[in-house]
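Working notes for the structure below.
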Number of protein chains: 2
Amino acid sequence: MPHNTTEINQRLRKSGYRVTPQRQLILDAVCQLGEHVTPESVYDHVHRTAPTLSRATVYRVLHFLTEQRILTMVHMADGRLAYELAGPEPHHHLVCRTCDSLLELPHSVLRSFRRAMDSQYDFEIDVSHVSFFGHCTDCRNSAGA
Amino acid sequence: MPHNTTEINQRLRKSGYRVTPQRQLILDAVCQLGEHVTPESVYDHVHRTAPTLSRATVYRVLHFLTEQRILTMVHMADGRLAYELAGPEPHHHLVCRTCDSLLELPHSVLRSFRRAMDSQYDFEIDVSHVSFFGHCTDCRNSAGA
DNA sequence: AGCCCTGCTGCGAAAATTCGCAACAAATAG
DNA sequence: CTATTTGTTGCGAATTTTCGCAGCAGGGCT
Ligand SMILES: [Mn+2]
Ligand SMILES: [Mn+2]
Ligand SMILES: [Zn+2]
Ligand SMILES: [Zn+2]
């Protein structure tokens, strides 16, 4: 999951924002830490190389990069937020409430639902990263026994 | 939005839980305050008649009543959680990111999506109260101008 | 070089949320 | 009836997240 630093930097600068060392460190951390990283794990990671970088900045930059659509945000099972690098195509998840297993879904699974909301309610749903909760095959089978 | 106290109380007791004054007060507060009430507004409300009832208890009881499916939980636009009395039928929302307007959807709008996840992934989605974010007719039109 | 303007950060305080634990109270057993 | 167990709460501390504000720093301008 490498990110093209120069392309993102240009995008930010073009919008009038600045590419600060803190933003680069935080973005690097999110990418290195992988999927669904929490603010606290980002803070722990960057704090090693930049001890003065504050928690507030971590939260602010994660929000900021999400607004700029460089990161996406997702609600975890416990209600907390996690972030990851926005890929070229959004994806979503099925999360089992029993075993916490996580299935990845392509964006296309929401196509017909989004179309229906658009035609029925004239409302354009804008989703980049959603988790749906429920129960997976295995847990349904073992529960039935 | 009145709730049948005796029926809920029986349900709780039958499961081995207790119906405490705190739980009754908090449930009453949620019902009186209407849709999408926040923990803080519940606390403010109950605190008037029960000054010793603590914030921790408010959070715990809201979680508890949600587990028992007496309340439902929903993520608001700002990421915070809100609660409301679980009706006989779940409902969902379309929330405009521009004007914050809120449209209510019947549970049935998710039927075909849930069926698709069940058949394609053998995963049973369990949703009681979801918000989808996007842009409403009016805001799309004024943005286009 | 200076001078603005504005974006951004660090800091500490505040607010929101969770946690551990001792005390309490309702149900239960004996 | 007392003893025990177990669910529940209040309290205070810890943790997480937000906020306000003063000051720094980059970029433009002269
Ligand atoms: Mn993901
Ligand atoms: Mn609702
Ligand atoms: Zn499972
Ligand atoms: Zn709107």
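Here is how names work: the chains are called A, B, and so on, in the same order as the sequence lines, proteins then strands, and each is numbered from 1. Worth knowing before you read on, the calculation uses all heavy atoms, side chains too, and leaves out hydrogens, waters and symmetry mates. Since the structure is predicted, the reported quantities are computational estimates derived from the model, not experimental observations.
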_Closest-nucleotide ordering on DNA chain C, the 5'-leading residue of Arg60(B) and Arg80(B)_ = Arg80(B)
*Can you list every pair that meets ring-ring contact (aromatic ring centres under 6.0 Å, His included) and has a residue in residues 10-42 of chain B, with sequence neighbours left out?*
Tyr17(B)-Phe64(B), His36(B)-His93(B), His36(B)-His129(B)
*Residues in side chain to side chain contact (heavy atoms under 4.5 Å, CB included) with Val130(A), at least two apart?*
His92(A), Val127(A), Phe132(A)
*Heavy atoms under 4.0 Å is the rule here; annotate nucleotides 25-30 of chain C 5' to 3' with B where the base is hit, S where only the sugar-phosphate is, and - elsewhere.*
BB----
*How would you list, by chain and number, every residue that makes a side chain to side chain contact (heavy atoms under 4.5 Å, CB included) with Ile70(B), sequence neighbours excluded?*
Ile8(B), Arg11(B), Leu12(B), Leu27(B), Leu65(B), Gln68(B), Leu85(B)
*Quick one: side chain to side chain contact (heavy atoms under 4.5 Å, CB included) partners of Glu40(B), sequence neighbours excluded?*
Thr38(B), Tyr43(B), Asp44(B), Arg55(B)
_Whether His45(B) side chain and Ser41(B) backbone form a donor-acceptor pair below 3.5 Å_ = no
*Please list residues of residues 69-77 of chain A whose heavy atoms come under 4.0 Å from any atom in DNA chain C, ordered by number; otherwise none.*
none
*Atom CG of Leu62(B) and atom C1' of dT18(C): how far apart are they, to the nearest Å?*
14 Å
*Who pairs with Thr20(A) by side chain to side chain contact (heavy atoms under 4.5 Å, CB included), at least two apart in sequence or on another chain?*
Arg18(A), Gln22(A), Arg23(A)
_Length of the line joining Tyr59(A):OH and dC11(C):P, which is rounded to integer Å_ = 17 Å
*Rounded to the Å, how far apart are Tyr83(B) OH and dA16(C) C1'?*
12 Å
*Kindly state which residues belonging to residues 49-56 of chain B come within less than 4.0 angstrom of DNA chain C, counting heavy atoms of the residue only, listed by number.*
Arg55(B), Ala56(B)
*Separation of Leu25(A) atom CG from dT9(C) atom C1', in whole Å?*
13 Å
_Can you pull out every salt bridge (Lys or Arg N to Asp or Glu O under 4.0 Å) where at least one residue sits in residues 76-93 of chain B? Sequence neighbours excluded, please._
none
*May I ask you to verify if any side-chain N or O of Thr57(A) is less than 4.0 angstrom from the OP1 or OP2 atom of dT9(C)?*
no
*asked:* What range of DNA chain D does chain B touch, first nucleotide to last, counting atoms under 4.0 Å from its heavy atoms?
replied: dT6(D) to dC11(D)
*Side chains of Thr72(A) and His91(A): does their closest heavy-atom pair fall under 4.5 Å?*
no
*Results of side chain to side chain donor-acceptor pair (under 3.5 Å) for Ser54(A) - residues two or more places apart only*: Thr57(A)
Identify each donor-acceptor pair in which a side-chain atom of residues 95-102 of chain B lies under 3.5 Å from a protein atom, sequence neighbours left out, and give them as a table.
from, atom 1, to, atom 2, distance (Å)
Arg97(B), NH1, Asp126(A), O, 3.2
Arg97(B), NH1, Asp126(A), OD2, 2.6
Thr98(B), OG1, His135(B), ND1, 3.1

*asked:* Quick check on DNA chain D: between Asp78(B) and Tyr17(B), whose nearest nucleotide comes earlier from the 5' end?
replied: Tyr17(B)
